[in-house]
Structure formats: structure tokens, C-alpha cells
Student: 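Below you'll find the structure I mean.
In what follows, every heavy atom counts, from backbone to side chain, and hydrogens, waters and symmetry copies are set aside. Below, read A as the first sequence line, B as the second, and so on, with proteins coming before strands; counting in each chain starts at 1.
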Amino acid sequence: MSVAVSIAVQREAFDVGAEYAQLRQHNCADGATAMFTGSVRDLNMAQSVSCLELEHYPGMTEKVLREIAGQAAGRWQLGRVRIVHRFGRLHPGEDIVFVGSTAPHRQAALDACAFMMDFLKTRAPFWKKESGPEGEHWVAARQSDLKALDKW
Amino acid sequence: MIRVLFFAGLREQLACAEISVPAETCGTLAELRAHLGGRGEQWRSALADDNLQMALNRSVATPDTAVGGGDEVAFFPPVTGG
């Protein structure tokens, strides 16, 4: 059976409850739903953050997210996959990214979410610029994010 | 023409988000990068960064990838989304 993949790259906030409802609507084949939400922190690398500006590469971003979802769908038995990523100006506490998957059984749904987040972190063309009392700077990529891919 | 895009910190360093380059000036992404580096000291030093990534037609590509008229190329720092 083919996996229903849905991607959104948007400036607006998303509603996790509505995302869950969408994953579950008329879905009696999947007994497991896993979701991950990433939010803006007020402290990063010991620097206080008052605002985050997320830039992305329109066109490539959607393509890469779709590829990542497709890879997860090829690897695990999944029913539905959803990725939402925001861009633009965000503040501490706001949600940036949502990843959700449904599957007949929990391990596939959980692993697919972790897989998609690990690849999204290192492949999707987004860049964060943090602003705080000490000024503004582009966030540096982390070696630990690249290392996280090894387990897949 | 080849459409060339720059993102994030690189875009700011170059004070340029997009330029067009005649297709006949370069055959590969490495040659395109060298050609762009010739636009001045700012460009030479910014594009010398080994960490920069390249994409051809919205897929990540390597320096030896062939490039031609109508292609869209992008240069950008390592990504930091999620």
C-alpha cells in the first residue's frame, strides 16, 4: 500500500492538535502514531536568544523534505507521514518543526520520526540566525548532528 | 545563462542573493566557483570556505558536476534547520 506523504513549509504557526487529528482521521489501519515537535529555546550555546530568523531555499526545501519522507516510507511500513517546517521570524517557545508518522506498530512510527528529524537537521536547506543581547549571529552546524546519521 | 543563488551568511558576505553567469564561462561547479571568485577579494575569500555546500537544480552536488545553460546553482553554508 502506498504511503500518504504530506509536506508543508510555511511562515505561519502550526497546530499540533490539528496535525494529530489529520494523521488519525479515517485511519483504522495504523495502531501507532508518533510525533516530534521542535521549539525555539531561549538559551543556545550559553547565549540568550530573544529572536530567531529562519531562512530557507524555496523549492529545494520542499524537494528535500519530500525525499526524506519518501526514504522513511521506503524503509518502514508506514501509513501516513507529515513534515511541517516554519521559516521567518520566531521567538523562544514557538514551535519550528513537526514530524509525524503513523504505522500499524509503534517501532516503525517511532523510528521513522527519529530518522526524518536526523536527516532534516543535516539535509534540509534551512539556516538559523539568532538575535539576543549580545547581537546577532548565524548558528553554526553541529558535528553531533552529522554523527547522528551514523545510526541509520 | 546559469542562475546562481547564495544563502544565509554567504549571501550577507557577498551582499548578493542571486546573479546570472554566461553558461560558456564554466563547465563544472568547481569552474563556476573559481569564476565567481574572480569577481573580487570579497568573493574570493567568501567562496574559498571549504565548508560551503553546492546544489545543482535543487539537489546537493559535488564540484565535478557538469553545469550548463538553464541550470540553477546554489552555494550555501552547512544547514542548521530543525
Student: If you tally heavy-atom pairs under 4.5 Å against chain B, which of A:Phe126, A:Phe36, A:Tyr57 wins?
Tutor: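 Answer, by heavy-atom pair count under 4.5 Å with chain B: A:Tyr57.
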
Student: Output the option from A:Arg86, A:Glu53, A:Glu55 having the highest count of non-hydrogen pairs under 4.5 Å with chain B.
Tutor: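 Looking at each of A:Arg86, A:Glu53, A:Glu55 in turn, A:Glu55 comes out on top.
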
Student: Tell me the closest heavy-atom pair linking A:Lys121 and B:Val79, and the distance in Å.
Tutor: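 What the structure gives for the nearest pair is O-CG2, 3.6 Å.
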
Student: Under 4.5 Å, heavy atom to heavy atom: which of residues 129-142 of chain A reach chain B? Give them by number, or say none.
Tutor: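 Within residues 129-142 of chain A, the residues under 4.5 Å from chain B are A:Lys129, A:Trp138, A:Val139, A:Ala140, A:Ala141.
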
Student: Verify the cluster assignment for A:Trp152 and A:Met117: are they in a single hydrophobic cluster under the rule of side-chain heavy atoms below 4.5 Å apart?
Tutor: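 Linked, A:Trp152 and A:Met117 end up in one cluster.
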
Student: Is it true that B:Leu52 and B:Met54 fall in one hydrophobic cluster, defined by side-chain heavy atoms closer than 4.5 Å?
Tutor: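 Yes, one cluster joins them.
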
Student: How close do B:Ala55 and A:Met60 get, counting heavy atoms only, and between which atoms?
Tutor: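 Nearest pair, atom of B:Ala55 first, then A:Met60: CB-SD, 3.7 Å.
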
Student: Enumerate by number any residue of residues 7-24 of chain A whose heavy atoms lie under 4.5 Å from heavy atoms of chain B; in the absence of such residues, state 'none'.
Tutor: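 Answer by number: none.
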
Student: Report whether A:Val64 and B:Phe75 are members of the same hydrophobic cluster (ILVMFWY, side-chain heavy atoms less than 4.5 Å apart, transitive linking).
Tutor: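 Different hydrophobic clusters.
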
Student: For the CD atom on A:Gln77, are there more than 12 heavy atoms of other groups (residues, nucleotides or ligands in this structure) within a distance under 6.0 Å?
Tutor: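 No, the 6.0 Å shell around CD holds no more than 12 heavy atoms from other groups.
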
Student: Report, by ascending residue number, the residues of residues 3-21 of chain B in heavy-atom contact with chain A at a distance under 4.5 Å; give 'none' if the set is empty.
Tutor: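 Counting heavy atoms that sit under 4.5 Å from chain A, the residues of residues 3-21 of chain B involved are B:Leu5, B:Phe7, B:Ala8, B:Gly9, B:Arg11, B:Glu12.
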
Student: With a 4.5 Å cut-off on side-chain heavy-atom distances among I, L, V, M, F, W and Y, is there a chain of contacts connecting A:Val5 to A:Leu65?
Tutor: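 Shared cluster, yes.
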
Student: How many angstroms lie between CG in A:Asp145 and OG1 in B:Thr80, if you round to the nearest 0.5 Å?
Tutor: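 Atom-to-atom, A:Asp145:CG and B:Thr80:OG1 are 9.5 Å apart.
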
Student: Mind listing the closest non-hydrogen atom pair of A:His85 and B:Gly82 along with its distance?
Tutor: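 Heavy atoms of A:His85 and B:Gly82 come nearest at NE2-N, 3.0 Å.
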
Student: Indicate, with yes or no, if A:Ile68 and A:Trp76 share a hydrophobic cluster defined by side-chain heavy-atom contacts under 4.5 Å among Ile, Leu, Val, Met, Phe, Trp and Tyr.
Tutor: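 Same cluster: A:Trp76 reaches A:Ile68 through Ile, Leu, Val, Met, Phe, Trp or Tyr contacts under 4.5 Å.
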
Student: Given that the side chain runs from C-beta out, which part of B:Asn57 has a heavy atom under 4.5 Å from chain A: side chain, backbone, both or neither?
Tutor: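 B:Asn57 touches chain A through backbone heavy atoms alone.
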
Student: Tell me the residues of residues 87-113 of chain A whose non-hydrogen atoms fall below 4.5 Å from those of chain B, in number order.
Tutor: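 At a heavy-atom separation under 4.5 Å, chain B is reached by A:Ile96, A:Val97.
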
